[in-house]
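Have a look at the structure below, then the notes.
On a predicted model such as this, the values are computed, not experimentally measured, just so you know. Numbering starts at 1 and runs along the sequence shown. For the numbers below, each heavy atom of this structure counts, side chains included, while hydrogens, waters and symmetry mates do not.
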Amino acid sequence: MEDAEDGVKPKRTVFVTVGTTCFDALVRAVDTQEVQQELSARGYTHLVIQMGRGTYTPKKSDGEDGSLVVDYFTFSSSIADYLRSASLVISHAGSGSIFETLRLGKPLIVVVNEDLMDNHQSELAEELAERKHLYCAHPQTLYKTIADMDLESLLPYVSGDAMPVAKLINRFLGFPDD
């Protein structure tokens, strides 16, 4: 990655979100030296972790030693600004987080929380990964996923048009067409 003209690397942020749950395994995975060094080697400069209800507290870093700048918080009224400013998003498998990130056109790694019972979220993440819209990982495979990822190979996600279905439902319920 080339430096900017003034010799300073452009800011490239990795945003990690666990939603409202406790997903300490994901927070621990991104808090490892191995993952942070790989992100830094790929040109990322900042790591912001939304840790939700988790009890594991990651290590902050000011990046003075050339490493990633690392910060974290528990909750925010909206993560939209974090998503918009991110160069890469690493997310739990919640459908809201997945589709909000994909709609913004951001590269995405979804990490499946294996501790959840009846984890239908993993099916969504795996299907979207199969369609090459995102990468799917588990906490223990996150480093390998980052090391092997080729963001150029991801395909943009185009959301479907729900209007025909809505009109059909409205007709069925007896509402007039607009």
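- Take Glu100 and apply the side chain to side chain donor-acceptor pair (under 3.5 Å) test, not counting sequence neighbours, and it matches no residue.
- Not counting sequence neighbours, Asp150 has no partner by the side chain to side chain donor-acceptor pair (under 3.5 Å) test.
- For the pair Val35 and Ala29, the tightest heavy-atom approach, listed with the atom from each and the gap, is CG2-O, 3.3 Å.
- Hydrophobic clustering (side-chain heavy atoms under 4.5 Å, transitive across Ile, Leu, Val, Met, Phe, Trp, Tyr) groups Leu124 together with Tyr157.
- Not one N or O on the side chain of Thr141 forms a donor-acceptor pair closer than 3.5 Å with the backbone of Lys144.
- Every side chain to side chain contact (heavy atoms under 4.5 Å, CB included) that Leu154 has, sequence neighbours left out, goes to Pro107, Tyr135, Leu151.
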What side-chain donor-acceptor pairs closer than 3.5 Å can you find for residues 86-95, not counting sequence neighbours?
unit_1 : atom_1 : unit_2 : atom_2 : d
His92  : ND1    : Gly94  : N      : 3.3
His92  : NE2    : Ser97  : OG     : 3.1

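- Taking Ser85 as the reference, nothing meets the side chain to side chain contact (heavy atoms under 4.5 Å, CB included) condition, with sequence neighbours excluded.
- Here Tyr143 contributes atom OH and Gln36 contributes atom CD; the two are 13.0 Å apart, rounded to the nearest 0.5 Å.
- There is no path of hydrophobic side-chain contacts, each under 4.5 Å, that joins Leu104 to Ile109.
- Screening residues 73-87 for salt bridge (Lys or Arg N to Asp or Glu O under 4.0 Å), with sequence neighbours left out, gives Asp81-Arg84.
- At a threshold of 4.5 Å between side-chain heavy atoms, the hydrophobic network of Ile, Leu, Val, Met, Phe, Trp and Tyr places Val14 and Val69 in two separate groups.
- In plain terms, the two heavy atoms of Leu102 and Leu134 that are nearest each other are CD1-CD2, 4.3 Å.
- Using modelled atom types, no side-chain atom of Ser67 and backbone atom of Glu64 make a donor-acceptor pair closer than 3.5 Å.
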Would you please test Cys136 and Val112 for side-chain contact (heavy atoms from CB on, under 4.5 Å) and show each step? CA-CA 7 Å; Cys136 185; Val112 175; 3.7 Å; yes

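- Between the side chain of Arg42 and the backbone N or O of Ile146 there is at least one donor-acceptor pair closer than 3.5 Å.
- Counting heavy atoms from C-beta outward, Val16 and Leu47 have side chains that approach closer than 4.5 Å.
- In this structure the side chain of Tyr44 reaches within 4.5 angstrom of the side chain of Leu68, judged on heavy atoms.
- Val158 forms part of no hydrophobic cluster, judged by ILVMFWY side-chain heavy-atom separations under 4.5 Å.
- Here salt bridge (Lys or Arg N to Asp or Glu O under 4.0 Å) pairs that include residues 128-139, with residues two or more places apart or in two chains, are Glu127-Arg131.
- The backbone N or O of Gly19 lies less than 3.5 Å from a partner atom in the side chain of Gln50, making a donor-acceptor pair.
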Before giving the answer on side-chain contact (heavy atoms from CB on, under 4.5 Å), spell out for Glu114 and Gln140 the whole-Å C-alpha distance, their side-chain angles and the decisive distance to 0.1 Å. CA-CA 11 Å; Glu114 297 159 329; Gln140 64 273 21; 3.5 Å; yes

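- Counting only heavy atoms from C-beta outward, the side chains of Ile49 and Asp71 never approach each other to under 4.5 Å.
- Here the OG1-CG distance, from Thr101 to Leu83, works out to 4.5 Å after rounding to the nearest 0.5 Å.
- Within the 4.5 Å cutoff, the side chain of Asn113 has no heavy atoms near those of the Val111 side chain.
- Residue pairs satisfying the salt bridge (Lys or Arg N to Asp or Glu O under 4.0 Å) criterion with at least one member in residues 25-34, sequence neighbours excluded, are listed as follows: Asp31-Lys59.
- Residue pairs meeting the ring pair (Phe, Tyr, Trp, His ring centres under 6.0 Å) criterion with at least one member in residues 54-88, sequence neighbours excluded: Phe15-Tyr82, Phe73-Tyr82.
- Side chains of Val30 and Pro58 form no contact here, defined as non-hydrogen atoms less than 4.5 Å apart.
- A 6.0 Å sphere centred on NZ of Lys11 holds no more than 12 heavy atoms belonging to other residues, nucleotides or ligands.
- Counting only distance, with no hydrogens or angles, the side chain of Asp24 and the backbone of Thr55 share a donor-acceptor pair below 3.5 Å.
- A donor-acceptor contact shorter than 3.5 Å is absent between the side chain of Thr74 and the backbone of Met51.
- Neither Leu108 nor Leu39 shares a network with the other; the hydrophobic side chains, linked directly or stepwise wherever heavy atoms of I, L, V, M, F, W or Y lie under 4.5 Å apart, form separate groups for each.
- With sequence neighbours excluded, no residue forms a side chain to side chain donor-acceptor pair (under 3.5 Å) with Ser77.
- Counting heavy atoms from C-beta on, the side chains of Ile98 and Leu128 come closer than 4.5 Å.
- With sequence neighbours excluded, no residue satisfies ring pair (Phe, Tyr, Trp, His ring centres under 6.0 Å) with His46.
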